[in-house]
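The basis for the numbers below is simple: all heavy atoms, side chains too, and nothing from hydrogens, waters or symmetry mates. Each residue takes its place number in the sequence, starting with 1.
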Amino acid sequence: MMTNEQLSALIDELTIDEKIAMVHGATLFYTTPVERLGIPQFCFSDGPMGVRPEYQSSDWYLKGFTDDYVSYCMSNSALASTFNRSLAEEAGEIIGEETRGRKKDMILGPGINIQRTPICGRNFEYMSEDPYVSGEMAEYYIKGVQKHDVSACVKHYALNNQEEERNIVDTYVSRRALMEIYLPGFRKAVKQGKALGIMGSYNKFEGTYCSHHPYLIDEILRKSWGFDKLMVSDWGSIHDTTEAGNAGIDVDMRVTNDFDDYPFADPLKEAVASGAVSMEALNEKIAHILTTMDALHMFDYKKLAKVNPIFAPLGEDENGKKIKRKHGRYNATSSGKKLLKAAEESIVLLKNEAGLLPLKQKKIKKFVIIGDNANRQHALGGGSAEIKALYEITPLLGIKMLLGGNTEVVYEPGYYNYVIGNAWGHDANGQGGGLNPFHQPTQNEIDILNQRYLASAKKACKDADAVLFIGGLNHDHDVEGADRKSMTLPEDQDEIIEELLNVRPDMMVAMMAGSPVDMHKWADRVKTLLYFSYNGMQGGMALARVLFGKVNPSGKMPYTLPKVLGDAPAHKLGEYPGTDKTVHYNEDIFVGYRYYDAFQVDPLFAFGHGESYTDFTFGDLTLTKTACEKNDIDGDISVTVTV
């Protein structure tokens with residue numbers, strides 16, 4: 001590890017131009033190296049569901065090569081549904097190994113913003129409505145990532161709880177709610193997870209942009225928590241050179257290709273020259289970058305040693321042995337097996353009232369599967385979370401793979417879903433209905449197709465041994481940059497489900513979504529109901545194995561499923577999306593289950609809800625308080641229960 005003396009000596013070797021080059025993007029994802037000193041460029045990559053494809057250096061066009069297919073990992077909302085720290089660490093290891101294998105230095109994840117509103121478009125990237133769950137899962141995820149000489153980057157610091165007006169909204173929240181709800185996950189990521197990277201957010205807090213907020217960054221993150229590693233802007237979140245230059249944020253990245261005009265490029269050099277930003281502030285940014293690089297074993301240590309003998313011990317461990325940066329790899333066969341296990345544990349069984357699950361494979365001769373999400377792939381969608389998946393097993397494929405040839409599996413789309421973002425203008429079900437695939441259908445054409453698809457589904461399921469509807473959302477709804485308008489299921493799924501239940505009252509329903517959806521119209525009629533988020537490359541196989549009892553479901557909801565949007569505390573007590581570009585968190589600490597419990601509002605399904613194929617009985621609850629010797633108020637409470 002670099003000593004303070006070595007760090008100061010290395011900073012002294014740098015010219016002002018070299019320092020400026022290190023603190024802003026020279027391409028969309030890279031900074032500039034200082035080759036004469038053996039300081040490399042720093043490479044960022046989007047995540048957290050896999051390492052993003054390769055883009056051109058100065059515009060947002062894919063390179064189009066075949067060497068950037070990667071393992072498609074599960075979304076953070078799916079991972080959190082496992083409530084399993086070990087799986088979080090294992091998922092982080094896969095991401096870290098593949099990040100290093102793709103020659104990146106920092107993966108931009110995990111996202112741990114609190115799911116304040118059910119309709120936030122980016123909820124699928126976040127862990128939970130609960131700060132404890134978010135922090136615990138993030139800690140172990142980070143530890144897994146950083147085993148491979150790459151940095152995690154915890155985002156978005158802070159209060160980025162909506163996508164609507166995210167670049168301009170000014171957030172007001174009490175200090176208590178800030179410290180008890182919105183910051184504990186970040187604190188745990190820094191203090192226990194030892195994260196090497198933090199990303200600033202787009203929004204404002206009390207009138208100042210979070211990416212140059214002196215209280216959030218300098219007072220809390222840097223001084224109180226002791227974070228001395230790299231803080232990067234979200235792409236375009238720095239708005240003022242002087243404010244950000246004097247704050248503890250280090251690297252300025254943006255979505256535009258005017259690299260010399262970035263706030264931390266030529267404008268920062270001018271600000272330092274004029275004294276508006278001190279050289280000490282710039283040197284502190286460089287120190288954070290260099291110590292992060294040192295932790296990742298990035299330097300050309302031979303070149304550094306030639307510059308100054310003081311650097312000679314760098315690159316050696318405590319025994320004098322040369323340190324070699326881990327090489328990483330991607331698309332390892334073992335990753336698929338690990339991701340399958342994680343996906344299996346993330347599936348939440350909400351209801352199994354009729355005991356239909358697990359299905360008996362030998363008794364199912366005709367299995368009808370209905371719904372767009374049965375046959376849709378999701379990897380190449382969602383915004384910056386998009387990846388090129390080496391493969392993605394859909395529910396339809398997974399079920400067919402498991403059942404083999406003795407069961408007739410009939411797929412019916414049930415409704416037409418024209419999605420530009422994920423299907424390139426094609427009907428994702430492969431059922432064009434005679435339409436030109438590049439022709440966006442009119443509403444009248446869609447209505448005709450919907451009638452045809454629904455009639456066909458009704459006919460198919462009449463004589464089936466089992467019927468499963470797989471619906472929910474996709475990445476036209478769970479997506480960066482936009483919130484949903486409501487919790488209502490898209491493409492009239494409510495009406496379709498009710499129509500199908502009239503034909504098959506025993507129809508099972510599975511909802512795939514990265515955030516809550518409204519199911520109150522039909523939830524009481526359905527006896528078998530499952531819920532899961534975007535489960536990665538093995539998601540379809542995981543669902544199949546749960547359905548047929550190869551796996552006992554153990555997933556738990558990491559957020560509350562309210563009956564209607566108006567029951568959610570941000571909408572009932574607080575403000576969303578705010579007025580005049582300002583939002584007040586009037587619900588204070590009553591976020592998620594805290595609100596539903598305290599105000600006695602019944603959700604459709606509670607935070608933590610999740611059944612299994614095993615019947616459990618709980619009883620003999622006992623609470624025992626052990627008072628401290630010096631203070632009877634404090635002490636431990638022991639809880640015992642018979643299971």
Side-chain angles (χ1 to χ4, degrees), residues 77 81 115-121 123-124 128-130 347-354 356-357 370-373 414-415 417 450 454 457 467-474 477-478 483-533 553 555-574 576 587 590-611:
S77 61
S81 298
Q115 297 176 0
R116 176 180 180 253
T117 168
I119 60 175
C120 175
N123 277 343
F124 75 97
S128 176
E129 68 184 29
D130 180 60
I347 295 172
V348 182
L349 179 63
L350 292 176
K351 295 176 70 175
N352 193 26
E353 292 178 355
L356 292 180
L357 295 180
I370 305 168
D372 181 72
N373 268 341
Y415 55 93
N417 190 8
N450 279 338
L454 183 56
V467 179
L468 172 65
F469 181 90
I470 304 178
L473 305 176
N474 56 48
H477 307 280
D478 278 324
D483 292 340
R484 290 181 287 150
K485 301 303 180 184
S486 72
M487 280 175 53
T488 303
L489 286 166
E491 284 82 43
D492 299 319
Q493 290 180 59
D494 288 324
E495 291 75 13
I496 293 166
I497 291 171
E498 291 186 295
E499 287 273 351
L500 291 169
L501 286 171
N502 291 335
V503 179
R504 288 296 299 253
D506 63 342
M507 182 178 74
M508 302 171 289
V509 174
M511 284 286 122
M512 179 190 295
S515 48
V517 297
D518 187 337
M519 301 182 288
H520 84 277
K521 292 181 180 178
W522 46 264
D524 288 342
R525 294 181 62 188
V526 172
K527 303 302 180 185
T528 310
L529 180 60
L530 301 104
Y531 209 96
F532 53 95
S533 187
K556 311 293 181 187
M557 291 304 304
Y559 46 79
T560 303
L561 292 172
K563 292 178 179 178
V564 294
L565 181 60
D567 284 346
H571 299 259
K572 186 73 172 180
L573 303 178
Y576 171 85
E587 70 277 14
F590 295 106
V591 178
Y593 65 82
R594 289 166 171 78
Y595 164 74
Y596 296 97
D597 287 349
F599 289 80
Q600 298 182 330
V601 176
D602 290 331
L604 190 63
F605 293 98
F607 168 89
H609 181 89
E611 301 181 6

- Task: Output yes when a side-chain donor or acceptor of H609 lies under 3.5 Å from a complementary backbone atom of L350, and no otherwise.
- Result: yes

- Sidechain-backbone polar pair: R484 side chain, P118 backbone, donor-acceptor under 3.5 Å: yes

- Task: Check whether any side-chain heavy atom of I497 lies under 4.5 Å from a side-chain heavy atom of L500, and answer yes or no.
- Result: no

- Query: Do the side chain of E129 and the main chain of V591 share a donor and acceptor less than 3.5 angstrom apart?
  - Reply: no

- Within the side chain of N352, is there an N or O that forms a donor-acceptor pair under 3.5 Å with the backbone of T528? no

- Message: If I take atom CG from residue L489 and atom CH2 from residue W522, how far apart are they, to the nearest 0.5 angstrom?
- Response: 6.5 Å

- Task: Determine the interplanar angle of the Y415 and F469 rings, folded into 0 to 90°, and report it as parallel if under 30°, tilted if 30 to 60°, perpendicular if over 60°.
- Result: tilted

- Give me the ring orientation class for F599 and F590: parallel if the planes are under 30° apart, tilted from 30 to 60°, perpendicular past 60°. perpendicular

- Task: Could you tell me whether the side chain of N123 and the main chain of T117 form a donor-acceptor pair under 3.5 Å?
- Result: yes

- Distance (rounded to the nearest 0.5 Å) between S81 OG and F532 CZ: 11.0 Å

- Within the distance-only criterion (no hydrogens, no angle test), does the side chain of D478 pair as donor or acceptor with the backbone N or O of G514 below 3.5 angstrom? yes

- Query: Is it true that a side-chain atom of E498 and a backbone atom of E495 form a donor plus acceptor pair closer than 3.5 Å?
  - Reply: no

- Task: Could you tell me the separation between the CG atom of L468 and the CZ atom of R504, rounded to the nearest 0.5 Å?
- Result: 11.5 Å

- Message: If we ignore hydrogens and angles and just use 3.5 Å, is the side chain of D372 paired with the main-chain N or O of G471 as donor and acceptor?
- Response: no

- Message: With a 3.5 Å distance limit and no angle check, can you tell me whether T560 reaches the backbone of G592 through a side-chain donor-acceptor pair?
- Response: no

- Note on the structure: Between the CZ atom in R594 and the CG atom in D130, the distance rounded to the nearest 0.5 Å is 5.0 Å

- Task: Look at the side chain of K527 and the backbone N and O of E353, then say whether any donor-acceptor pair between them is shorter than 3.5 Å.
- Result: no

- Query: Can you tell me how far the CD atom of E611 sits from the CG atom of L349, to the nearest 0.5 Å?
  - Reply: 5.5 Å

- Would you say P603 and D567 make side-chain contact, with heavy atoms under 4.5 Å? no

- Message: Closer than 4.0 angstrom, basic N to acidic O: yes or no for R116 and E587?
- Response: yes

